[in-house]
Amino acid sequence: MPNPSESTELEQPSKPLELYVFIDPGDAVCWDLIPVLRRLQVEYDRYFTYRVIMKMSRASQRALPHAVDASILNAAHPALPAVAIKAAEFQGKRAGFKYLSKLFDYRFLKGRDVSAQETLIEIADRIGIDVDEFIQDFRSVNAAKSFQCDLYISREMEVDNAPSFVFFNNKFEDEGLMVEGVHDYEIYVKVLEELLGEQMEKSVPPSLEELFKRFDSLTTNEIAAIYKVNIRTAERELKKRLLQRRVECVPFSGTKLWRRKLDL
């Protein structure tokens with residue numbers, strides 16, 4: 001796979017590996033990739049940088065004007081969630097990822113219309129970023145241009161489907177490895193280690209409180225995997241915090257989603 005051209009003006013990361021994560025905010029399958037990326041950040045963050053790239057379905061792209069600009073903000077549009085994510089990223093990569101995760105929760109847990117501007121602004125408020133700054137960025141041409149850049153990167157790197165990972169080792173400027181779809185977590189770890197050329201060492205996970213500050217909401221399975229405990233042990237610790245009114249529990253698709261009480 002070709003490396004992104006210099007026209008994207010991306011800074012070279014200091015970490016040895018670079019990940020491009022292609023996500024369609026309207027696709028439920030892409031939601032399944034979020035736990036993978038969260039766990040990779042917790043365990044192996046010191047080895048890689050990542051960039052989330054918005055990738056829309058072909059039908060949605062056909063609905064876009066020839067040049068994406070601020071005019072799409074005049075009415076509900078399938079591109080609005082992607083533009084909002086790019087606007088949140090102007091407040092930092094972590095803010096953008098939190099916004100993306102919360103947007104998925106709103107769409108697939110709450111069934112909210114995330115193409116509505118008022119919903120997108122509400123999400124910004126819920127994750128604690130500067131709402132006034134978000135609105136200004138969201139309604140500016142800059143967020144639309146950032147989204148346009150994502151579409152350009154998708155075409156240049158020949159990524160046709162989302163979700164997809166594209167892995168780069170910075171020692172090889174002209175080579176990359178693409179992994180389409182959602183796979184077992186160990187597959188992504190193996191790809192990272194193969195590109196790195198050595199076995200990676202896991203970082204010590206943060207406290208549960210710090211983990212929730214970083215990611216807002218996680219499933220029981222995610223928490224059990226991160227702390228290397230069984231489901232029963234993870235649920236026992238989470239129920240303690242539930243009784244202390246520090247978290248809330250939302251049953252979903254045969255599992256449980258745990259969120260900070262602050263998010264209510």
Checking side chain to side chain contact (heavy atoms under 4.5 Å, CB included) for the pair Arg139/Gln117: CA distance, chi angles, key distance, verdict? CA-CA 10 Å; Arg139 293 177 176 170; Gln117 291 192 47; 3.7 Å; yes
State the CG-CD1 distance between Leu208 and Ile226, to the nearest 0.5 angstrom. 9.0 Å
Before you tell me yes or no, could you show the steps for Asn221 and Thr219 under side chain to side chain donor-acceptor pair (under 3.5 Å), namely the whole-Å CA-CA distance, both residues' side-chain angles and the distance that decides it to 0.1 Å? CA-CA 5 Å; Asn221 290 340; Thr219 65; 5.2 Å; no
Is the number of heavy atoms from other residues, nucleotides or ligands within 6.0 Å of CZ (Arg46) greater than 12? yes
Do Leu151 and Met54 make a side-chain contact, defined as non-hydrogen atoms from C-beta onward lying under 4.5 Å apart? no
Between Tyr185 and Tyr44, what is the ring plane arrangement, given parallel below 30°, perpendicular above 60°, and tilted in between? parallel
Could you state whether Val182 and Tyr50 fall into the same hydrophobic cluster, counting links through intermediate Ile, Leu, Val, Met, Phe, Trp or Tyr residues with side-chain heavy atoms under 4.5 angstrom apart? yes
Charged N to carboxylate O under 4.0 angstrom, Arg232 versus Glu235? no
After noting the C-alpha distance and the side-chain angles of Arg38 and Leu218, does the key distance pass the side chain to side chain contact (heavy atoms under 4.5 Å, CB included) rule? CA-CA 9 Å; Arg38 281 196 289 242; Leu218 302 108; 4.3 Å; yes
Aromatic contact between Tyr20 and Phe165, with the criterion being ring centroids under 6.0 Å apart: yes or no? no
Out of the candidates Arg241, Arg259, Lys239, only one should pair with Glu248 under the salt bridge (charged side-chain N to carboxylate O under 4.0 Å, His left out) rule; please name it. Arg259
SB check Asp45 Arg39 (cutoff 4.0 Å): no
Which heavy-atom pair separates Ala224 from Ile231 by the least distance, and what is that distance? CB-CD1, 3.8 Å
Between Ser146 and Asn142, is there a donor-acceptor pair closer than 3.5 Å when you use the side chain of the first and the backbone of the second? no
Residues Asp113 and Ser115: closest non-hydrogen pair is OD1-OG, 2.6 Å
Is it true that Glu193 and Lys190 have a side-chain N and a carboxylate O under 4.0 angstrom from each other? no
dist Tyr227:OH -> Ser207:OG (nearest 0.5 Å) comes out at 6.0 Å
With a 4.5 Å limit on heavy-atom distance, are the side chains of Ile121 and Glu118 in contact? no
Go through Phe215 and Val42 one step at a time and tell me if the side chain to side chain contact (heavy atoms under 4.5 Å, CB included) criterion holds. CA-CA 10 Å; Phe215 297 121; Val42 170; 3.5 Å; yes
With a cut-off of under 6.0 Å to the ring centre and 45° to the axis, is Lys102 in cation-pi contact with Tyr99? no
Taking the side chain from Tyr188 and the backbone from His183, do they hold a donor-acceptor pair closer than 3.5 Å? yes
What is the distance from atom CG of Leu103 to atom OG1 of Thr119, rounded to the nearest 0.5 Å? 9.5 Å
Honestly curious: do Leu80 and Phe104 fall in one hydrophobic cluster under the side-chain, below-4.5 Å linking rule? yes
How far apart are the C-alpha atoms of Tyr152 and Gln148, what are their side-chain angles, what is the distance that settles it, and do they pass the side chain to side chain donor-acceptor pair (under 3.5 Å) test? CA-CA 6 Å; Tyr152 171 78; Gln148 180 77 71; over 6 Å; no
Hey, any chance Phe134 and Phe90 share a hydrophobic cluster, counting ILVMFWY side chains that come within less than 4.5 Å of each other, even indirectly? no
Which pair of heavy atoms, one from Ile127 and one from Ala95, lies closest together, and at what distance? CD1-O, 3.8 Å
Take a 6.0 Å sphere around CD of Gln199 and say whether it holds more than 12 heavy atoms from other residues, nucleotides or ligands. no
Non-hydrogen side-chain atoms of Glu194 and Phe167 separated by less than 4.5 Å: no
Where Pro251 and Cys249 come nearest, the two heavy atoms and their spacing: CD-O, 3.9 Å
Chi angles and distances behind the side chain to side chain contact (heavy atoms under 4.5 Å, CB included) call for Leu257, Thr220: CA-CA 7 Å; Leu257 185 71; Thr220 308; over 6 Å; no
When you compare the side chain of Val166 with that of Val159, does any pair of heavy atoms fall below 4.5 Å? yes
Do Phe48 and Lys15 come within less than 4.5 Å of each other through their side chains, counting heavy atoms only? no
Should Arg112 and Glu122 be marked as a salt bridge (charged side-chain N to carboxylate O under 4.0 Å, His left out) after you check the CA-CA gap, both sets of side-chain angles, and the distance that decides it? CA-CA 11 Å; Arg112 297 283 295 278; Glu122 180 183 329; 2.8 Å; yes
Taking C-beta and beyond as the side chain, do Val29 and Pro163 meet within less than 4.5 Å on heavy atoms? yes
Should we say atom CD of Glu201 is surrounded by more than 12 heavy atoms from elsewhere, each under 6.0 Å from it? no
Step-by-step side chain to side chain donor-acceptor pair (under 3.5 Å) determination, Ser217 to Asp105: CA-CA 9 Å; Ser217 60; Asp105 287 350; 3.0 Å; yes
If you measure from CG on Leu17 to CG on Leu195, what distance do you get to the nearest 0.5 Å? 6.0 Å
Beyond-backbone contact of Ile53 with Ser154, side-chain heavy atoms, under 4.5 angstrom: yes
Rounded to the nearest 0.5 Å, the CH2 atom of Trp258 sits from the CG atom of Leu211 at a distance of 14.0 Å
Here the pair of heavy atoms bringing Pro25 nearest to Ile85 is CB-CD1, 4.0 Å
Correct closest heavy-atom pair for Asn161 and Lys55 would be N-CE, 4.3 Å
Taking the side chain as everything from C-beta on, heavy atoms only, tell me whether Phe212 gets closer than 4.5 Å to Ile223. yes
For Glu209, is there an ion pair with Arg214 - N to carboxylate O distance below 4.0 angstrom? no
Tell me whether Lys93 contacts the main-chain N or O of Val52 through its side chain, where contact means a donor paired with an acceptor under 3.5 Å. no
Hey, is Lys86 close enough to Asp150 for a salt bridge, meaning N to O under 4.0 Å? yes
Atom pair CD1 (Ile123) and NZ (Lys98), whose distance is rounded to the nearest 0.5 Å: 13.5 Å
Taking Glu133's backbone N and O only, do any of them form a donor-acceptor pair with Asp130's side chain (distance below 3.5 Å, no angle check)? yes
